[in-house]
Structures are given as C-alpha cells and as structure tokens.
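This structure is a prediction, so every number in the text was calculated from the model and none was measured.
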Amino acid sequence: RRPFHLERPPMSEPNFDDYDLPSPEEFFVPEEHQAAFERCEAHKDSFLIAGMGWGLFETSWGVRGFENVLTDCIAHPDFYAELLERIKDLFLAFVEYAAELPVDGIFFGDDWGDQRGVIIGPERWRTFLKPRWAEIYQAVHDNDMLVLSHCCGSVADIMPDIIEIELDVLESVQPEAYGMNPFELKKQWGDQIAFWGGLGSQSTIPFGTPSEIKQQVRRLCDEMGRGGGY
C-alpha cells in the first residue's frame, strides 16, 4: 500500500459556487447499518465503539487541499468557517446514525498537531475547530455515549481546551512530540481526561528491543493506569 496522497482537491477555489457537500443520507447504507447492529449484539459484553474516520480538519483539507486550508485560515476565514460548519452538520448526522447502535462511545480522528504543536496554531484552532467539536461532543454525550478521539502530534498547548469541550479519551498520546510525555500528561490532567496510547511509534516500537518494548508497556500500565483513566 502507498501512503495517501491528494492529487487534486475537489474544491480548487475558496467558494461554494460549483461544489456541494453530499447529504448525510448518501453515506447511510441500511444493509451495513444492520450488519453493524448485529455485530454489536453478538458482543454485548464488550466495550463497543463506532468509528467516524477523518475529522473536521482532515476532511476540510481533503476537500480543499492541505496548503489551501492553511491559507484559508488566514486569507479566507469566513469561507473556511462556513466549510467547517457544513462538515460539522454532516458529523452531527453521523452521530445520530451511530446512536442507533448499542455502542458505548464514538471514536473520532483529527490530526490537529505535528511534532512542534498545533498545525494551525492554538488560537486558530480555538476559533475554527473548538466550537464545532464542542457541538459534536455534546451531541454524543446527549446520547449517553463517551467521546474518544485520535490525534497525532502535539496538542499540549490546547489540553485545557480539549478538556473544556469534554473529550473523554485522547488517543494516541505521541510521546516524541512537543509536550506529549505521557507520564507528565497523566500527572497534570489525569483526573480530568483518560489517555490511550503513549508507546512511541517513532522510537520504542520500531527501534526498541522486545525487552525494552515490554518494559515500556509495563511502565505505561503501572503509571498511566494508576487510579484509572488509561
């Protein structure tokens, strides 16, 4: 398999003149929904989650292209806000579809960070992404489910915001990124959010010996799991 690469963004210009996002109904396949329900029923004793795939930020640059989105944040903020608003409405519909299943939580994924910090910067993240994710997370909680989300890179600068909008579980806790030492995160925030991950995918996993990997896994379980929340 080759890495994903967007050859040409479907929305080449920052306007909606020749582009409409699909409706939520176009993503709903009754046969797949029924099959998912049956799988859930067959595993009632497990903790069950429904996966949403790409999030708001990643979907936006899937539509516009990564470089364009970074430009839109600065040069076309009203357009970018509207694009995110339309994508958010899709996600709210997806939450309602998932809520029909007997699952315990919904798992999102949106890579807000790189090795250095938040890709669009903490302030623009707070402007564009925070309020819309807050609305989606609230919809999940309104359906009595937990919110879990994957995020690569560093989100150290927005941890208080992530907790404020009530993310229940943060995954992948990438320890090589700025401010993402899992043990320090546990000390500072462990009573307010659960962590999932923390084993270095750029260090321990590819370069550690089997013994070193086992040792790190034990430490993560012992220290991160202390008092729960891991």
Side-chain angles (χ1 to χ4, degrees), residues 14 21 24 49-96 98-99 105-143 145-174 177-180 182 184-185 188-197 229:
L21 270 75
I49 58 175
M52 287 289 178
W54 281 35
L56 302 181
F57 180 55
E58 292 180 331
T59 301
S60 75
W61 64 256
V63 172
R64 279 285 288 138
F66 189 73
E67 233 179 292
N68 288 335
V69 156
L70 299 185
T71 302
D72 290 340
C73 289
I74 300 170
H76 311 107
D78 292 341
F79 160 78
Y80 189 55
E82 176 64 21
L83 176 60
L84 289 173
E85 193 69 13
R86 296 189 187 195
I87 297 170
K88 179 212 70 182
D89 289 342
L90 279 177
F91 272 75
L92 289 173
F94 297 159
V95 166
E96 295 309 311
I106 298 184
F107 188 89
F108 300 96
D110 214 15
D111 287 342
W112 303 321
D114 60 19
Q115 299 291 101
R116 304 159 298 176
V118 180
I119 293 171
I120 62 173
E123 290 308 317
R124 290 191 179 92
W125 182 90
R126 293 180 184 115
T127 297
F128 293 111
L129 294 170
K130 180 180 177 179
R132 293 172 175 88
W133 275 119
E135 194 172 339
I136 295 168
Y137 292 175
Q138 184 61 53
V140 176
H141 290 142
D142 287 346
N143 283 287
M145 296 181 293
L146 295 173
V147 180
L148 309 88
S149 188
H150 162 85
C151 183
C152 284
S154 172
V155 291
D157 291 335
I158 56 171
M159 279 300 301
D161 303 275
I162 292 170
I163 290 168
E164 181 187 336
I165 61 177
E166 299 186 358
L167 176 63
D168 296 300
V169 182
L170 175 64
E171 190 274 344
S172 59
V173 191
Q174 186 183 344
Y178 159 75
M180 294 301 289
E184 293 302 318
L185 291 173
Q188 190 168 3
W189 309 107
D191 61 339
Q192 299 176 73
I193 191 170
F195 295 104
W196 171 1

Is it true that Trp54 and Trp61 have ring centroids separated by less than 6.0 Å? yes
Hey, are the side chains of Ile74 and Arg124 touching, using non-hydrogen atoms and a 4.5 Å cut-off? yes
Indicate yes or no: at least one non-hydrogen side-chain atom of Asn143 is less than 4.5 angstrom from one of Glu96. yes
Does the side chain of Leu90 reach to within under 4.5 Å of the side chain of Arg86, using non-hydrogen atoms? no
If you count every heavy atom of other residues, nucleotides or ligands that lies below 6.0 Å from Arg126 atom CZ, does the total exceed 12? yes
Of the options Glu123, Glu164, Glu135, which is the one that meets Lys130 in a salt bridge (charged side-chain N to carboxylate O under 4.0 Å, His left out)? Glu164
For the pair Val169 and Ile193, evaluate side-chain contact (heavy atoms from CB on, under 4.5 Å) and give the outcome as yes or no after the intermediate values. CA-CA 6 Å; Val169 182; Ile193 191 170; over 6 Å; no
Could you go through the ring-ring contact (aromatic ring centres under 6.0 Å, His included) check for Trp189 and Phe195 one step at a time? CA-CA 9 Å; Trp189 309 107; Phe195 295 104; 8.9 Å; no
Whether the side chain of Gln115 engages the backbone of Tyr178 through a donor-acceptor N/O pair (distance < 3.5 Å, no angle test) should be reported. no
Looking at Pro77 and Ala75, what are the two nearest heavy atoms and their distance? CD-C, 3.4 Å
Between CZ on residue Phe128 and NZ on residue Lys88, distance to nearest 0.5 Å: 14.5 Å
Are Asp161 and Trp125 packed together at the side-chain level, in the sense that at least one heavy-atom pair is separated by less than 4.5 angstrom? yes
Leu148 and Asp168: CA distance, side-chain angles, deciding distance, side-chain contact (heavy atoms from CB on, under 4.5 Å) verdict: CA-CA 6 Å; Leu148 309 88; Asp168 296 300; 5.9 Å; no
Nearest heavy-atom contact between Met180 and Ala156 is SD-N, 3.8 Å
OH of Tyr80 to CG of Leu70, rounded to nearest 0.5 Å, is 8.5 Å
Indicate the atoms forming the closest heavy-atom contact of Ala177 with Ser154, along with that distance. CB-N, 3.6 Å
With side chains defined as the heavy atoms from C-beta onward, is the minimum distance between Cys152 and Trp112 less than 4.5 Å? no
Do Leu170 and Val155 have side chains that get closer than 4.5 Å, going by heavy atoms? yes
Can you tell me which residue among Leu56, Leu92, Asp89, Ile165 is in a side chain to side chain contact (heavy atoms under 4.5 Å, CB included) with Arg132? Leu56
The reported gap from CD in Gln174 to CG in Asp114 (rounded to nearest 0.5 angstrom) is 9.5 Å
Determine, stepwise, if the pair His150 / Asp110 fulfils side chain to side chain donor-acceptor pair (under 3.5 Å). CA-CA 6 Å; His150 162 85; Asp110 214 15; over 6 Å; no
Atom pair CE/CZ of Met52 and Phe107 - distance to nearest 0.5 Å: 12.0 Å
Quick one: are Ile106 and Val147 in side-chain contact, heavy atoms under 4.5 Å? no
Distance (rounded to the nearest 0.5 Å) between Ile162 CD1 and Gln192 CD: 12.0 Å
Could you walk me through whether Leu146 and Tyr137 pass the side-chain contact (heavy atoms from CB on, under 4.5 Å) check? CA-CA 9 Å; Leu146 295 173; Tyr137 292 175; over 6 Å; no
Angle between ring planes, Phe57 versus Phe66, binned at 30° and 60°: parallel, tilted or perpendicular? perpendicular
Going from OG1 on Thr127 to CG on Leu129, what distance comes out if it is rounded to the nearest 0.5 angstrom? 9.5 Å
Between Ser60 and Ile87, is any pair of side-chain heavy atoms under 4.5 Å apart? yes
Report the relative orientation of the aromatic rings in His76 and Phe79; use parallel for angles under 30°, tilted for 30 to 60°, perpendicular for over 60°. perpendicular
